[in-house]
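Scroll down for the structure; my scribbles are underneath it.
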Number of protein chains: 2
Amino acid sequence: MKQDAIAKAFDAFLRKRSLKLTAQRRTILERAFATHEHFSAEQLYRWLASESTAKVSRATVYRTLALLQEGEFIAALDVGRGELLYEHVLGHRHHDHMICLDCGKIEEFHDSRIEALQNGICADKGFELVNHTHRLLGYCRACAGQRRKDAKAGTPASKPPAHKTPAAAGRADQSGA
Amino acid sequence: MKQDAIAKAFDAFLRKRSLKLTAQRRTILERAFATHEHFSAEQLYRWLASESTAKVSRATVYRTLALLQEGEFIAALDVGRGELLYEHVLGHRHHDHMICLDCGKIEEFHDSRIEALQNGICADKGFELVNHTHRLLGYCRACAGQRRKDAKAGTPASKPPAHKTPAAAGRADQSGA
DNA sequence: TTTACTGCAAATTCTTTGCAACAAC
DNA sequence: GTTGTTGCAAAGAATTTGCAGTAAA
């Protein structure tokens, strides 16, 4: 889906709710759809601060991301690091995520057999499914290989994930409960 | 699994890491295993504050919950309300969750066919699975029924979830991304 | 006695909000 | 002109942390 169509859809969405299409909203929409990575609010804010001439405040970034989420232009993903990541979804097929606990890499997967089973479960319980998140946490091929090597070489402990705030560590551990 | 066996396991866990079994830790462990509901750190803190004679500080509650999580005595679950909920897992079979967006009710489900498919996907990608979370968000039977009734009666908007902080609303919306 | 633990209050992190100035429509 | 928006800085919420005193082992 190209920027143009997206912009139009956003405009329509805003119009439907009697909201206004401002320069900031346009900027944020464009930047969000210009990347194919997952990004955080802070990340997007910094991109705009450094790349763009027009500056947008953090507050507006948060407010607009919320709006884009409501309109299902983007979706939020909690990778367990204390902050939410976003990805654009308009024009993309639904998928779920495999998250590497070491390097943070996110791979996407989709399996319609799983989704079918999921629907069956909901039907059985009379549960009206709105959406779902299915996260697989573990080590990507590269990191898994490295860890095996380290283990053999006698580096017993795993190095701490090269990531974010220690504060977020706990949240990451949402062990498949 | 009974309290006694659990206490023993905790003791062993602590001993293995040269940590000490304190009165506070014992109190927290017991209370966490005495409930069959999902609870937050704050909830547990308040339970202890009101029910128990020995008072435990919030900081210790957080610290001990983290410890119990590491030892896989309990697991954390993010229901998208800005705080983590915990449930004890020691001696319980793994399961996933269906979360009602209206009343907050949590139902558990388990489907080994899904887990098998999941493992297959990981094998294909060389992903070493450590754990997973599979959350189904929607409306439980009771709330779904109520909503249908409201809709017919001409109560077009959905009442706001009778829950927590508005701040958490955004996080809840992690639309199946 | 040594080493770890606790409570307190202050600090952090991400995110939201009140409000006055401002810009779409 | 209206009505919705922005930016700022202050407010929040959940959780963590430094430190001095306390208690297991």
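In what follows, chains are A, B, ... by sequence order, proteins preceding strands, each numbered from 1.
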Rounded distance in Å - CZ (B:R58) to P (C:dA11):
18 Å
Which one, D:dA9, C:dT15, D:dT6, comes nearest to the side chain of A:A59?
D:dA9
Atom pair distance, as rounded to whole Å: CG in B:L65 and P in D:dT17
15 Å
Once you round it to whole Å, what is the distance between P of C:dC14 and OH of A:Y45?
14 Å
5'-most by nearest nucleotide on DNA chain C - A:K20 or B:L67
B:L67
Should the pair B:R141-A:E128 be classified as a salt bridge under the 4.0 Å nitrogen-to-oxygen rule?
no
Using atom CG of A:L14 as one end and atom P of D:dT6 as the other, report the distance to the nearest whole Å.
10 Å
Please say whether the positively charged group of B:R25, taken as NZ for Lys or CZ for Arg, lies over the ring of B:F10, i.e. under 6.0 angstrom from the six-membered ring centre and within 45 degrees of the axis.
no
Of B:L21 and B:A66, the one whose nearest nucleotide on DNA chain D sits closer to the 5' end is B:A66
Taken to the nearest 0.5 Å, the spacing of B:Q24 CD from B:L29 CG works out to 13.0 Å
Please tell me if A:T22 has a side-chain N or O lying less than 4.0 Å from either OP1 or OP2 of C:dA24.
no
So, is A:Q24 close to the C:dA24 phosphate, meaning a side-chain N or O under 4.0 Å from OP1 or OP2?
no
Check whether the side chain of A:R63 and the base of D:dG7 form a donor-acceptor pair under 3.5 Å.
yes
Length of the line joining B:R46:CZ and D:dA14:P, which is rounded to integer Å
9 Å
When we call it a touch if two heavy atoms are under 4.0 Å apart, what does B:S40 touch: a base, just sugar-phosphate, or nothing?
nothing
Evaluate the criterion ring-ring contact (aromatic ring centres under 6.0 Å, His included) for residue pair A:H97 and A:H134; output intermediate values, then yes/no.
CA-CA 7 Å; A:H97 301 93; A:H134 193 171; over 10 Å; no
Between P of D:dT15 and CD of B:Q43, the distance in whole Å
13 Å
Among D:dG4, D:dA14, C:dG7, which is the nearest nucleotide to the side chain of B:S57?
C:dG7
Can you measure B:D78 atom CG to C:dC14 atom P for me and round it to whole angstrom units?
16 Å
Whether A:Y62 contacts C:dT15 is assessed here as follows: a side-chain N or O lying under 4.0 Å from the phosphate OP1 or OP2. Is that the case?
yes
CD1 (B:I114) and CG (B:D96) are apart, to the nearest 0.5 Å, by 7.5 Å
Counting the atoms with a prime plus P, OP1 and OP2 as sugar-phosphate, which does B:R25 contact under 4.0 Å by heavy atoms, base, sugar-phosphate, or nothing?
sugar-phosphate
Measure from CZ on B:R17 to P on C:dT3 and round the result to the nearest Å.
19 Å
